[in-house]
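Below is one structure; the comments refer to it alone.
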Amino acid sequence: MGTVPTGVRGLDVLLHGGFPQGSTIVVEGAPGTGKTTLGMQFLYYGALQDGEAGMYVTFEEFPDQLYRDMLAFGWDLRKLEREGMLRVVSMTPDVFMEQMIEPGGLVEKLIRELNCRRIVVDSISLFRYGAAGEEEHRRMLYRLRNILRKLELTALLIKERDAANDETGGFEAYIADGFIQLGLKRQMDKYRVRTLEVLKMRGRRIREGEHVYRLTENGIRLIPARSMIEDLALLNGQTKVATGIAALDELLEGGLAGGSVYLLDTNSKANYKYFIASILAGRVRAGEKVLALLSSFLTPEDLDKMFALQGLSMSRLAQEGQIYFIEHYTRPYPPGCEANVMDVGTLNNEEYRRVVEEKIGSLVAGGGSWFVYYDLNTVIAERGKDYVTKYFAADSAGVKALGMTMMVLCNFSEIGSEVSAFLERTSNGVIRTWVDGAYQYMQVVKSPNGVISEPYVVETTTRAPFMRLT
Ligand SMILES: Nc1ncnc2c1ncn2[C@@H]1O[C@H](COP(=O)(O)OP(=O)(O)O)[C@@H](O)[C@H]1O
Ligand SMILES: [Mg+2]
């Protein structure tokens, strides 16, 4: 089953990527909690980022206010409508149901016209007034859900909070695939915090508990509760490899997934040295062993200095068998490292591949958990692009099969779109960092949990890990 990003990054984290494709989700909350905003955010970013058209059904007589309210978040709905990516439809609940039930009716026609993948109905609470009794009301809801399924739409059904069945969400939540509750909680008698709770999500292991969200000038921003992230990483049985950078680890649900291959895509101006040094230092501190192929920008001397700043001695780590190097440029290493440096500069491609493979085999046979840092720019420069297209997929699969986690540095803009697309497909995750003007940015553009982040600004700090994402 596919996954549909929700438009709210933190919610995607909670849901392991988003809503199950084609599911019907009930969103319940008191007035003013942000249901309409959540619904529109789902459609707006669906159109903008995922290229999926959407329909917003409102039972308000005059939806002008809706356009104005959403413009406050910077969402120009009219523009999306002109581009054929959104349709705001205003009708009464009766007419909506009539048109929905009728095969080839107005609603279905519009959905097909725009090729809508998403729909929001705001709000289904109004169905109750149109229905003759509880039984008819239920029949209507059941029918609606079946039609939405048939049309293969991922649907958000907005529901006003109902004091009668506060906990369960009533029949609506019962027949839906998912149920999300928005709330306002009093905190310390004074403050009110907005909380979101996922009470049901078919096909997804959910993260229990209330998560705090805020309404910002860009819409809803949800901050998944931290302790839960850690707990779940353990429950998962999947090891997480912390990057040491708080915001990034949070995005990655505790860190890089162990036994996976990640690409770090940089442009030539971006400073990634601290990032790499922070990860490697974190790994050896966690008792892991590291195999590194350093770039011409990040020299052995650089790494030695950055380790020293974090209270680590590269010489000692080498002597204790915790760090090994593949070296193309016969550069000097700190004293005591010699035995752990494999000079490969003079080897031809076949010899290089065989020697590295053998070395990795013997290192892994020695036991322990391994982290590989591999500078692909150097490999491309020294071994050629063809070497990478020919062997990268097989070699990274081999490294993964040995249970090693690998971070591969490369520069997509330099190696061209074809090879980049190939690398991106081959890896489990892609983190991008680049410089634009006076700022450096970082963004997770692919990850095993399906999370794609917004770009963060990279700030340098005076203490390890020497950088912070804001
Ligand atoms: N730019 C903004 N920044 C912060 N809060 C906002 C902004 N615009 C609207 N809000 C708040 O959002 C809430 C309305 O959200 P809405 O999605 O209409 O809720 P609901 O549909 O659940 O009634 C109100 O509490 C309002 O104060
Ligand atoms: Mg509303």
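Every number for a ligand or one of its atoms is a count from 1 in the order of the listing. Everything numeric here is computed off the predicted structure, so don't read it as measured data.
- The distance criterion of under 3.5 Å between nitrogen or oxygen atoms is not met by E217 with respect to ligand 1.
- At least one heavy atom of A30 sits less than 4.0 Å from an atom of ligand 1.
- Between F19 and F42, the ring planes are perpendicular. Angles over 60° get that label, and only those under 30° would be called parallel.
- Closest to atom 13 (C) of ligand 1, if we only count protein heavy atoms, is G32 O, 3.5 Å.
- Each of the following atoms of ligand 1 lies closer than 4.0 Å to a heavy atom of T37: 15 (O), 16 (P), 17 (O).
- Considering backbone and side-chain atoms alike, A72 places every N or O at 3.5 Å or more from each N or O of ligand 1.
- For the pair F275/T266, no side-chain contact is recorded, criterion being any heavy-atom separation below 4.5 Å from C-beta on.
- From the protein, the heavy atom lying nearest to atom 5 (N) of ligand 1 is L215 CB, 3.5 Å.
- Nearest protein heavy-atom neighbour of atom 21 (O) of ligand 1: T36 OG1, 2.7 Å.
- Neither the backbone nor the side chain of E160 comes within contact range of ligand 1; no heavy atom lies under 4.0 Å.
- Checking S90 against E60 by side-chain atom types alone, no donor-acceptor pair falls below 3.5 Å.
- Taking distance alone, with nitrogen or oxygen atoms compared against 3.5 Å, P31 stays at or beyond that limit from ligand 1.
- Around OH of Y174, the count of heavy atoms belonging to other residues, nucleotides or ligands within 6.0 Å does not exceed 12.
- Side-chain contact between V379 and V388 is present, with at least one heavy-atom pair separated by less than 4.5 Å.
- Which parts of ligand 1 touch R194 is read off a 4.0 Å heavy-atom cut-off, strictly below it: atoms 25 (O).
- Listed by number with element, the atoms of ligand 1 under 4.0 angstrom from any heavy atom of G34 are 15 (O), 16 (P), 17 (O), 19 (O), 20 (P), 22 (O).
- Under the 30°/60° scheme for interplanar angles, the aromatic rings of W75 and Y44 are found to lie parallel.
- Shown here, atom 26 (C) of ligand 1 is out of close reach of the protein: none of its heavy atoms lies under 4.0 Å off.
- Taking 2.8 Å as the threshold, T36 counts as a candidate ligand of the Mg ion (ligand 2), since one of its N, O or S atoms lies below it.
- If you check which protein heavy atom lies closest to atom 8 (N) of ligand 1, you get F73 CZ, 3.5 Å.
- When the options R202, K200, R145 are evaluated for a salt bridge (charged side-chain N to carboxylate O under 4.0 Å, His left out) with D177, the one that passes is R202.
- Residue F422 places its CZ atom among more than 12 non-hydrogen atoms of other residues, nucleotides or ligands, all under 6.0 Å distant.
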Inset, instruction - Could you walk me through whether E28 and K35 pass salt bridge (charged side-chain N to carboxylate O under 4.0 Å, His left out), step by step? - result: CA-CA 7 Å; E28 188 194 63; K35 303 180 296 296; over 6 Å; no

